Number of protein chains: 2
Amino acid sequence: MNEAQPLTRIQARNRAAILSGGLDAFSSAGFRGATLDQIAEAAGLSKPNLLYYFPSKDAIYTALLEGLLETWLDPLHALDADGDPVAEILAYAHRKLAMSRDFPRESRLFANEILAGAPQIGAVLSGPLRSLVDEKATVLRGWMEAGQIRASDPHHLIFSIWALTQHYADFDVQVRAVLGETDPFAGADRFIDQLFRSVLEPVQDRPL
Amino acid sequence: MNEAQPLTRIQARNRAAILSGGLDAFSSAGFRGATLDQIAEAAGLSKPNLLYYFPSKDAIYTALLEGLLETWLDPLHALDADGDPVAEILAYAHRKLAMSRDFPRESRLFANEILAGAPQIGAVLSGPLRSLVDEKATVLRGWMEAGQIRASDPHHLIFSIWALTQHYADFDVQVRAVLGETDPFAGADRFIDQLFRSVLEPVQDRPL
DNA sequence: TCTCGATTTGACCGTTCGGTAAAACAAACG
DNA sequence: CGTTTGTTTTACCGAACGGTCAAATCGAGA
């Protein structure tokens, strides 16, 4: 993890190929369902050669998850307490949807890990993730109490952004089967915008 | 599938135990990741005895998916074109959330199948499911054009209900890790209600 | 009680799994 | 050129996989 070795060109290429092949395999079959042979073939290497770069199947999986978690929470980190409330939340949702569009395999890898009971990242969920969410939930609650956005449960508001955006990556097959030729993401972007504007915009003159 | 055999008590009990064990295994590890030994142990049977009741691993998986798809689409079928628009949609969302609460394993089984690329139920998705969704989307569009609910994309509206409700079953581990001791479903129920009321209620006097 | 079908078990089979050992090969460098 | 380091392959291992088979056991009815 912190070896200062310079990493030759071949090492860089092969390690990247293995991680990409592993991402394909793990994201569609889960950790237990994916095989080293499958990953090796996707990476264009023999199995022993693959194990020359990573000591075990676990090591590949762990490397993928570690690299993923870094970037996965970035959009939430970027939610700025000093920005415009509605704009900040919408921007977060749009960034998250863009990640589903641009990195669907990473999203499915994460989904598989959670479905399996989060054996690897369970500690991260109840540790750093929970802290981050609590912190941002406090920000949201502040905005609500100041009347800048409508009051609702901040945690579930965050969950709803996760659920909606990741759905378009994780259930991509289903979404496309239902929609046919239509590109899901254009419509999704508009709908999500409209949906969250509706819940967020403070009631100026309450009807009824 | 259509044998008229009366099914002895032992058969009924063992088949049920196998299906329950298979549901546990497949819903957390996926088809490829689950093993017959695992299912056999969960069912309290030896592996050969398990294979006396089901001819193969595939057969167990297929039986589970078939039994699931029947009930899985029921709530959407129940959406009544002649009912009150907002009430119908909210009722659908609540029924769907209740299924996530009461049958989380089934939800995760479905999620695993989709994540794997829907190798078994792909045809159902682009066939019967798509037809059903298109039919209900037409109903929704009718309500929108009549001004009974606010205009938005009907397909994505349905997707958003799926995404939000299934999230609480499929990502249960994550949700509970973040929330701590709090029961997720009570808050989820309130939030979903508020969220969809916001997008659905027609604007009487448009502000701005 | 005996019998016959339903059920269960133990032993086993071929394949695939994750992983290892050592030798062969390639490439950089003096 | 030779040597040394980095890379790849061939051959292989024990365990776990899905599944089979025949024998043993059980259980309900005559």
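On a predicted model such as this, the values are computed, not experimentally measured, just so you know. To find a chain, count down the sequence lines: A is the first, B the second, and so on, and within it residues start at 1.
- For the pair A:Pro48 and A:Thr35, both in contact range of DNA chain C, the more 5′-proximal nearest nucleotide belongs to A:Thr35.
- For A:Arg9 and D:dT5, the CZ to C1' distance is 15 Å, given to the nearest whole Å.
- Note: CD1 (B:Ile39) to P (D:dG18) measures 8 Å, nearest angstrom.
- Across the protein-nucleic acid pair, B:Leu36 atom CG and D:dG19 atom P stand 6 Å apart, rounded to whole Å.
- No donor-acceptor pair closer than 3.5 Å links the side chain of B:Gln194 to the backbone N or O of A:Asp153.
- Between A:Ser46 and D:dT8 there is no side-chain N or O to OP1 or OP2 distance below 4.0 Å.
- Against DNA chain C, the stretch residues 49-62 of chain B makes heavy-atom approaches under 4.0 Å through B:Asn49, B:Tyr52, B:Tyr53.
- Judged by distance alone, with hydrogens and angles left aside, the side-chain atoms of B:Lys136 form no donor-acceptor pair with the main-chain N or O of B:Pro154 at under 3.5 Å.
- Counting any heavy atom pair closer than 4.0 Å across all strands shown, A:Ala40 reaches no nucleic acid atom.
- Comparing B:Ile10 and B:Lys47 along DNA chain D, the residue whose closest nucleotide (by nearest heavy atom) sits nearer the 5' end is B:Lys47.
- Residue A:Phe26 contributes atom CZ, which lies 9 Å from atom P of C:dG18 at whole-angstrom precision.
- For the pair A:Glu113 (side chain) and A:Ile121 (backbone), a donor-acceptor distance under 3.5 Å is present.
- Every residue meeting the side-chain hydrogen bond (donor to acceptor under 3.5 Å, both in side chains) condition with A:Arg176, not counting sequence neighbours, appears here in chain and number order: A:Asp172.
- In this structure, A:Leu45 atom CG and C:dG18 atom P are separated by 16 Å, rounded to whole Å.
- Listed by first and then second residue, the ring pair (Phe, Tyr, Trp, His ring centres under 6.0 Å) pairs involving residues 87-109 of chain B amount to none (not counting sequence neighbours).
- Rounded to whole Å, atom P of C:dT16 lies 11 Å from atom CZ of B:Arg32.
- Looking at heavy atoms from C-beta onward, B:Val178 lies in side-chain contact with A:Phe159 at the 4.5 angstrom threshold.
- At C:dT7, one or more side-chain N or O atoms of B:Gln11 fall inside 4.0 Å of OP1 or OP2 (strictly under the cut-off).
- The backbone N or O of B:Ser27 sits nowhere less than 3.5 Å from a side-chain atom of B:Arg108 that would complete a donor-acceptor pair.
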